[in-house]
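Working notes, beginning with the structure itself.
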Amino acid sequence: DRFLRRMVRVLVSTAIRAAVQGSDPLELRRIVLAGRRDGAALPAPSTGLCLSGVGYEPYDASAGGAAIHAPSAAPKNSE
């Protein structure tokens, strides 16, 4: 539970930093897919954070069952 809360705060602060700096729109995606915290910002303060909605991409079974697979990370069909 603590890990998830901290992770959300890191994602929020990293997204805000990228927007303020005018970074490439795919920067956040690259940081997340890298699987390392090197490029991430420090966690945002928890005060004032509020979940206002959640959105999902359509389910794609051909991408290994997850909608968040990067195109290069999607498993290859062995047919």
Side-chain angles (χ1 to χ4, degrees):
D1 193 35
R2 182 186 297 178
F3 168 78
L4 181 57
R5 289 181 186 181
R6 184 172 176 88
M7 194 68 208
V8 168
R9 291 173 49 204
V10 167
L11 288 171
V12 166
S13 64
T14 304
I16 290 171
R17 182 186 68 189
V20 168
Q21 292 177 348
S23 298
D24 176 6
L26 296 176
E27 183 65 21
L28 182 61
R29 181 183 174 105
R30 278 193 288 272
I31 292 170
V32 170
L33 291 176
R36 300 183 55 158
R37 294 275 311 269
D38 297 0
L42 295 174
S46 59
T47 306
L49 290 180
C50 172
L51 179 63
S52 62
V54 177
Y56 295 95
E57 295 293 321
Y59 179 78
D60 184 1
S62 68
I68 60 169
H69 280 297
S72 62
K76 305 277 188 268
N77 286 338
S78 59
E79 296 177 27

Check your understanding: Ignoring hydrogens and geometry, is there a side-chain-to-backbone donor-acceptor pair from Ser13 to Leu42 under 3.5 Å?
Key -> yes
Point to revise | For Ser23, all residues meeting side chain to side chain contact (heavy atoms under 4.5 Å, CB included), sequence neighbours excluded | key: Ala18, Gln21, Glu27
**Study point:** Pairing residues for Ile16 by the side chain to side chain contact (heavy atoms under 4.5 Å, CB included) criterion, not counting sequence neighbours
**Key:** Val12, Val20
**Study point:** Nearest-0.5 Å distance that lies between atom OG in Ser46 and atom CZ in Arg5
**Key:** 9.5 Å
Revision key, fill the gap. For Val32, the side chain to side chain contact (heavy atoms under 4.5 Å, CB included) test, sequence neighbours excluded, returns Leu11, Leu28
Revision key, fill the gap. For residues 40-51, the salt bridge (charged side-chain N to carboxylate O under 4.0 Å, His left out) pairs (sequence neighbours left out) are none
Practice item. List for me each residue that meets salt bridge (charged side-chain N to carboxylate O under 4.0 Å, His left out) alongside Arg37, sequence neighbours excluded, and say none if there are none. Key: none
Practice item. For residues 40-50, pull every pair meeting salt bridge (charged side-chain N to carboxylate O under 4.0 Å, His left out), keeping only residues two or more places apart or in separate chains. Key: none
Check your understanding: What closest approach, in Å, do Thr14 and Gly39 show between heavy atoms, and which atom pair accounts for it?
Key -> CG2-O, 4.4 Å
Point to revise | All pairs passing salt bridge (charged side-chain N to carboxylate O under 4.0 Å, His left out) where residues 13-26 contributes a residue, at least two apart | key: Asp24-Arg30
Check your understanding: Which heavy atom in Ala40 sits nearest to a heavy atom in Ile31, and how many Å separate them?
Key -> N-CG2, 4.1 Å
